Amino acid sequence: MAGENCHDVINLLGSSDRDFLIRNNGDKVKLDTLKEKKIGFYFSASWCGPCKHFTPNLVEAYNALLPKGDFEVVFLTADMDDESFKEYFSKMPWLAVPFSDSETRKRLNELFAVRGIPHLVILDASGKVVTNSGVEIIVEHGVEGYPFTQERLNELKEQEETAKREQSLKSILESQSRNYVIAADGRKVPVAELEGKIIGLYMSMASFEECESFTGKLIEMYDKLKSQGENFEIVMIPLDDEDDDESFKKEFSRMPWFSLPLKDKTCKKLARYFELSTLPTLVIIGTDGKTLHSNVAEAVEEHGILAYPFSHEKFAELEQIQKAKLEAQTLESILVTRDRDFVIGKDGEKILVSDLVGKTILLYFSAHWCPPCRAFTPQLKEAYETIKSKNGPLEVIFLSSDQDQASFDEYFATMPWLALPFGDERKTYLSRLFKVRGIPTLVAVGPSGKTVTTDARSLIMCHGAKAFPFTEERMEEIEAETAEMAKGWPEKIMHKLHEHELLLSKRSAYNCDVCEELGQIWAGQVEPSDEIDWQVLVVPDKFPLRENKNRTFVLSSKERDFLISTNGEQVTLSSITGKIVGLYFSGLWCGPCRQFTPKLVEAYESLYPKGDFEIVFISSDKDDESFNEYFEKMLWLAVPFSDVEARKNLKQLFKVRTIPHLVILDGTGKVLSSDGVKYIKHFGPEAYPFTSERINYLRLEEEKAKENQSLRSLLVYGSRDFLISNEENKISVSELEGKTVCLYFGTSTHRGGKNFTLKLAEVYEKHKGNNFEIVLISLDEKYEDFKESFEAMPWLALPFKDKNCERLVQYFEHKLLPQLVVLSPDGKTLQQNAVKFVEEYGDEAFPFTQEKLATLANLKKKKLEAQTLESILVTADRDFVISNGGLKVPVHKLVGNNIVLYFAASWSLPSREFQPKLETAYQEIKKKDENFEVIFISSDQDESSFTNFFSSMPWLALPFDDERRSFLSRRFNIVGIPVAIAISPSGFTVNTQVRQLLETHGSGAYPFTEEHIKNLQQQLDKNTTGWPKKDRNESHNEHELALIHQQVYLCSGCKEMGVSASSQAAAAETSTSISIPSEMKAWSYTDYGSVDVLKLESNVAVPDIKEDQVLIKIVAAALNPVDFKRRLGKFKATDSPLPTVPGYDVAGVVVKVGSQVKGLKEGDEVYGDIHEKALDGPKQFGSLAEYTAVEEKLVALKPKNLSFAEAAALPLAIETAYEGLEKAGFSSGKSILVLGGAGGVGSLVIQLAKHVFGASKVAATSSTGKLELLKSLGADLAIDYTKENFEDLPDKFDVVYDSVGQGEKAVKVVKEGGSVVVLTGAVTPPGFRFVVTSNGEMLKKLNPYLESGKVKPVIDPKGPFSFDKVVDAFSYLETGRATGKVVIHPIP
């Protein structure tokens, strides 16, 4: 249709009563806005698998084209109901014709002759159809296909052909922003270093079993070639969709070769470039950079190292060898070895192979434990006996995969044929020879000894004894007989049970729903189309009806329309029609799967009586034995293990990348959820029927339960209202009411838990008489483990495997072991996890109140101030460290020295990489200052590893497994290693970031004091004075390079390490520079909801800037309550289209400026709130990313005295605080009450009112533990809202600033004529609410107060959170317990 007359798009998309389209938030968009735009008409539906696969590709292209402003997509649904339409449309950022306008949708379907979906018709700005093949263009070219004209496609084709003609290793592997590949240890290896070698491009997906088995063979070949000194290298091209860097690193760590980075766009480009059609694929690139072979994976599988160097000559040689082998194949050549020349009959009788020569032989690969084998054996037996009764020259030889002799004997006893002896090594050879991937497999060998077919099983299943002797000639004869059978039959028939005509068609085998008999060869079926999404099979002579809905059609194959049960029975797919079905992807080898399966069994047993729920197991196991061992533990059905193709297709269809994975389909085949595992874990059978409505209801119920929480609601479950003692006495839960109760989550096998239990026992013994009790919530799997550990505990417990244990795990969002939840005497949660308080303070932490912990924190602070080297290194038992010669060095001899405590281990790669740098610095520092020492604190797992590692060190150490290590690790909050802590001569802690300082400055960082580091930075700044702010370099001529601060980097010119903006960097590359990549990492969500919707994407396009904008390289960001409220969908009506990158606050460096930007330049350090209107159309791309684009007017230069993390904590909060005070008419001499004074906004309202506006009196509320903070900020009166009602205060205030939603109470304490500023909750006059406007000028106005230190940011002590912990940061913010701001830093 492309090239026909122009269409009036407005008329096409409109109707008599509608002149608008809709967005997924319900907004109406006038059709006039589409004028002069290119339009994509997207015909799609939620029930369509290919549509769901394609839509994310279209979203990616659309988002990339959005800045152009001349392209739009309009969704035309083929869904059956409004609910499905809305759910699917919610994932789309474009427009749609309303679901209710079925006439328009039908008209457009007919106009554009839509015969299948997904379908994308693209019209140019004049309304002319540019292409009907939009789907194919987007899939093949992505955004590069724009503007989708034939000219553009020709241009791309020409570019591709040119690229192939001029192909080089660099053109294949490098991208604009990357000229390296990566090694498993994190090294970046320039592509240039691979030139001149034979390169294998290994295209792989970790989730594909075939790739996993092939990787092992490839490693074996690679290692041999490298040991022989061959000029060969491999580069992996990972094609996994997951953004799971840890899983990728784990998988990659076992590979000795290089890889492209995970999710690098070049990966998909290469898949298209080399026309990838199967996995695994190993493309061979010659020494000249040209393609030598498009896929040698099969050759590697078959020939291993003999296939090298993969040249045409080598393959011709191998082909001749293989051909000669096949030509020369005889029965004796494959069945006779040096030791054995026989097979066996009954009673172990030996039958010589020579006696079988001249017969047709069927090699039957099978096993007793395999249900499909047990199902097929009777069919084979029937065919065998029929053929033998006609004196057919046939014999069958059984090749067993059974696990023991007894199983072999039992199974072989049911067979009338011969066998290889159990455990015979010939079976392994024959499996390899005939490439047996699963069982049952039946290979036919002809009378001459040559292979006739490797798929004789299908022939037997379809034709029975008629298939003999299984040759091509015999199959042609059967085909002719089949055609003769159908002569005279009508091509189309009608059936009373179906409204459509049925077409006569061939089917190998199927079962009828009505008569339950097996049908073969011919059937009547409805041809699937857009309107008919099922298949109907009718046995022509009986006309029973069989319906295969989408779901059952997906679960079937050409040869199979059944599933199997654990007893080996075949269950027809029609039995699950209309049921809710869970597709369970799992494997025996997977630990998390084995842990989850019992939970799923429990839920299944509970739901089975309903009669409308079924589960189908899709195995990821490596062999039949594992499949059957695992399947025996399940109560449901399975896709046969032998149907590799069906399992593979299901994994691809449902994008299964990790297991366990549970997809829930409703009775119509519609996907209800891909989060079945999560829902079963969290809610168990209560999640049924797994709809979003049900899940939302359960979550609301959980929230209500938490609001009404009591000790009984937590510990009483069903009919059990008691706990147990270790003497098996039952203790009523009511006896614990009114006490402080700790819920101790633990397992006996957790090493850290054992140590913690001893400390907790000390606390218990000290305070058990003070209305204190502990209840063990055991997570042990074995009763013996539970009993043994509980017998040593003096407290109570929930009974072993009590269902409430799992419920409490979910309720308290258990993540780490051990966990100690503290409940106050009223049954409310006092502490989510008090483990660190017990470890740090012991029995002094009781009763775990905020007041008690605040007191202890102050004591700790004083202890730190009084810290000496002896106080942290001397215990009652030990007062020495050791040299690597074993000599004891008394700690008192080290007093007065500068000490570095070095936490490391030999098993830690970062430790091993850092040690040479530390050693160099150590030697250099010792030359300058003899009063310097390092003490190694080992985390090695055995003394031998410790000794070997320590022997290479020139400094001292704590002895192996010294108990002081645990104390010091807790003291300095050691989470990962290596870590280096500097202790001053007086014994106090100088710096906890010594490792980073040594990596940046080397020995020049000594003595690591704040003053010294500040001087170093000033010197670096001084060194760059006079350097050009912009420069060009011959390695990067197309862009100017901006001078910026960068702590450590690798020079892209000389490949040497550069530091900050030092002279070393100048010598290396004229100026310290970075180029702006085309893609970045960013947190985003495509659906509104809980923190679970947040995903870290690694291939988000770096935003383009407009003429009045700057591009900021983000260093830090901060979260605000508006962030999670926006994510929950509370502002849908005014929000920007999904997907959304959240985040308002930003601090970073300007790396690019628009043409109209006047006041900022590249290299400027800035901060600001990037959304001008917080709730009215905020930007789609926020600050939780590596880069963001923002208008110049919204940001200001960062205060010089603030770090990026401190600056990021300010913008939205300080602008809200300041604008609220202005709107309230606050001025010098007035009084103010701040509700929520310890929060992000409240803490700044106090400071601004006091130090900027000149308040006469500032009062503020907070919980007990934060009162001192309020006073330090400038509050004259700090009110503990847990003990006092602020509304009962005798004094009234000119302004009340309510940041916590207590408007009704707030108006009671405001003076007549005063104002109440309300940020959240109901508004009661004279209260008012406002929505802040981002304003860079306001920040500039406040900068002097910030730089003078009068106004300071308040950052929650739990932060900053690292960029990969954004989900944790959101979760913490949503508890409402944050003090000040929750900051994200650093952002890489």
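For clarity, every value in this text was computed on a predicted model and none was experimentally measured.
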Report all side-chain donor-acceptor pairs from residues 925-932 shorter than 3.5 Å, counting only partners two or more places apart or in another chain.
| residue | atom | partner | partner atom | Å |
| --- | --- | --- | --- | --- |
| Lys926 | NZ | Glu930 | O | 3.4 |
| Lys926 | NZ | Phe932 | O | 3.0 |
| Asp929 | OD1 | Asn931 | N | 2.8 |
| Asp929 | OD2 | Tyr1006 | OH | 2.5 |

Atom pairs and distances, donor-acceptor, side-chain atoms in residues 980-990, under 3.5 Å, two or more places apart:
| residue | atom | partner | partner atom | Å |
| --- | --- | --- | --- | --- |
| Ser984 | OG | Ser986 | N | 3.3 |
| Ser984 | OG | Ser986 | OG | 2.9 |
| Ser984 | OG | Gly987 | N | 3.4 |
| Ser984 | OG | Phe988 | N | 3.4 |
| Ser984 | OG | Phe988 | O | 3.4 |
| Thr989 | OG1 | Gln867 | NE2 | 3.1 |

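Separation of atoms CG (Leu1096) and CZ (Phe1363) is listed at 5.5 Å; rounding is to 0.5 Å. Here the CG-CD1 distance, from Leu901 to Ile937, works out to 4.5 Å after rounding to the nearest 0.5 Å. Between atom CG of residue Leu262 and atom SG of residue Cys267 there is a gap of 7.5 Å, rounded to the nearest 0.5 Å. Taking CZ of Phe950 as the reference point, atom CG of Leu956 lies at 6.5 Å (rounded to 0.5 Å). One distance of note links CZ of Phe214 with CD1 of Ile219; it measures 10.5 Å at 0.5 Å rounding. With rounding to the nearest 0.5 angstrom, the OH atom of Tyr222 is 6.5 Å from the CD1 atom of Ile234.
Within the structure, salt bridge (charged side-chain N to carboxylate O under 4.0 Å, His left out) contacts touching residues 223-236 (residues at least two apart or in different chains) are Glu220-Lys224, Lys226-Glu233. Residue pairs meeting the salt bridge (charged side-chain N to carboxylate O under 4.0 Å, His left out) criterion with at least one partner in residues 1007-1017, sequence neighbours excluded, are absent. Identified under the side chain to side chain donor-acceptor pair (under 3.5 Å) test for residues 874-890, with sequence neighbours left out: Arg878-Asp962.
Residues Tyr902 and Leu918 have side chains in contact (heavy-atom distance under 4.5 Å, counting atoms from C-beta outward). Residues Ile872 and Leu968 are in side-chain contact: their nearest non-hydrogen atoms beyond the backbone lie under 4.5 Å apart. Contact check for Ile1384 versus Val1366: side-chain heavy atoms found under the 4.5 Å cut-off. Residues Ser952 and Gln915 meet the side-chain proximity criterion, which asks for heavy atoms closer than 4.5 Å. Using a 4.5 Å heavy-atom cutoff, the side chains of Leu169 and Val191 are in contact. Taking 4.5 Å as the limit, some side-chain heavy atom of Thr266 sits within range of a side-chain heavy atom of Leu260. Tyr783 has its side chain out of reach of Glu788: every pair of non-hydrogen atoms, C-beta onward, lies at least 4.5 Å apart. Looking at heavy atoms from C-beta onward, Ile182 lies in side-chain contact with Phe252 at the 4.5 angstrom threshold.
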#### Entry: Criterion side chain to side chain contact (heavy atoms under 4.5 Å, CB included) on Val809 and Phe745, from CA distance to verdict
CA-CA 8 Å; Val809 163; Phe745 295 81; 4.1 Å; yes
### Task
For the pair Leu820 and Val838, evaluate side chain to side chain contact (heavy atoms under 4.5 Å, CB included) and give the outcome as yes or no after the intermediate values.
CA-CA 9 Å; Leu820 188 70; Val838 171; 3.8 Å; yes
### Query
Going through the checks in order, is the side chain to side chain donor-acceptor pair (under 3.5 Å) test met by Tyr922 and Glu933?
CA-CA 8 Å; Tyr922 177 82; Glu933 197 49 76; 2.8 Å; yes
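Formation of a donor-acceptor pair under 3.5 Å by the Ser789 side chain with backbone atoms of Phe786 is found in this model. Arg178 contributes a side-chain N or O that, together with a main-chain N or O of Leu173, makes up a donor-acceptor pair within less than 3.5 Å. Proximity of a side-chain donor or acceptor of Asp621 to a complementary backbone N or O of Leu588 within less than 3.5 Å is detected. The main-chain N or O of Ile899 is never found under 3.5 Å from a side-chain atom of Asn897 such that the two would form a donor-acceptor pair. Checking side-chain atoms of Ser938 against main-chain N and O of Asp940 turns up a donor-acceptor pair under 3.5 Å. Between the Arg964 side chain and the Leu958 main chain, no donor and acceptor come within less than 3.5 Å of each other. The backbone N or O of Val1115 sits less than 3.5 Å from a side-chain atom of His1385, completing a donor-acceptor pair.
The two residues Cys593 and Gly587 have their closest heavy-atom pair at CB-O, 3.5 Å. Of all heavy-atom pairs spanning Ile198 and Pro309, the tightest one is CD1-CB, 3.8 Å. What you find for Arg965 and Ser939 is that their closest heavy atoms are NH1-OG, 3.6 Å. Here the shortest heavy-atom pairing between Ile977 and Ala904 reads CD1-C, 3.8 Å. Heavy-atom minimum distance, Arg912 versus Ser906: NH1-O, 2.7 Å. The minimum heavy-atom distance linking Pro1386 with Pro1388 is given by the pair O-CD, 3.8 Å.
Between the side chains of Tyr202 and Ser259, not a single donor N or O lies within less than 3.5 Å of an accepting N or O. Remark: the Asn948 side chain and the Ser951 side chain contain no N/O donor-acceptor pair separated by less than 3.5 Å. No side-chain donor-acceptor contact under 3.5 Å links Glu999 and Gln996. Donor-acceptor pairing under 3.5 Å is lacking for the side chains of Thr747 and Asp780.
Among residues two or more places apart in sequence or in another chain, the side-chain hydrogen bond (donor to acceptor under 3.5 Å, both in side chains) test is passed with Tyr630 by Ser586, Thr597. A search for side-chain contact (heavy atoms from CB on, under 4.5 Å) contacts involving Glu870 returns Thr868, Val874, Val891, His892, Val895, not counting sequence neighbours. Shown here are the side-chain hydrogen bond (donor to acceptor under 3.5 Å, both in side chains) partners of Glu781, two or more places apart in sequence or in another chain: Lys801. Residues passing the side-chain contact (heavy atoms from CB on, under 4.5 Å) test with Glu924, sequence neighbours excluded: Thr920, Ser1003. For the ring-ring contact (aromatic ring centres under 6.0 Å, His included) test, residues two or more places apart in sequence or in another chain that qualify with Phe949 are Phe936. For Val189, the side-chain contact (heavy atoms from CB on, under 4.5 Å) partners two or more places apart in sequence, or in a different chain, are Val181, Arg187, Glu193, Phe258. Residues passing the side-chain contact (heavy atoms from CB on, under 4.5 Å) test with Ala761 are Trp795, sequence neighbours excluded.
Side-chain rings of Phe756 and Tyr744 approach one another, their centers coming within less than 6.0 Å.
Using cut-offs of 30° and 60° on the angle between ring planes, the pair Phe946 and Phe960 is tilted.
Enclosure of atom NZ in Lys759 by more than 12 non-hydrogen atoms of other residues, nucleotides or ligands within 6.0 angstrom is indicated.
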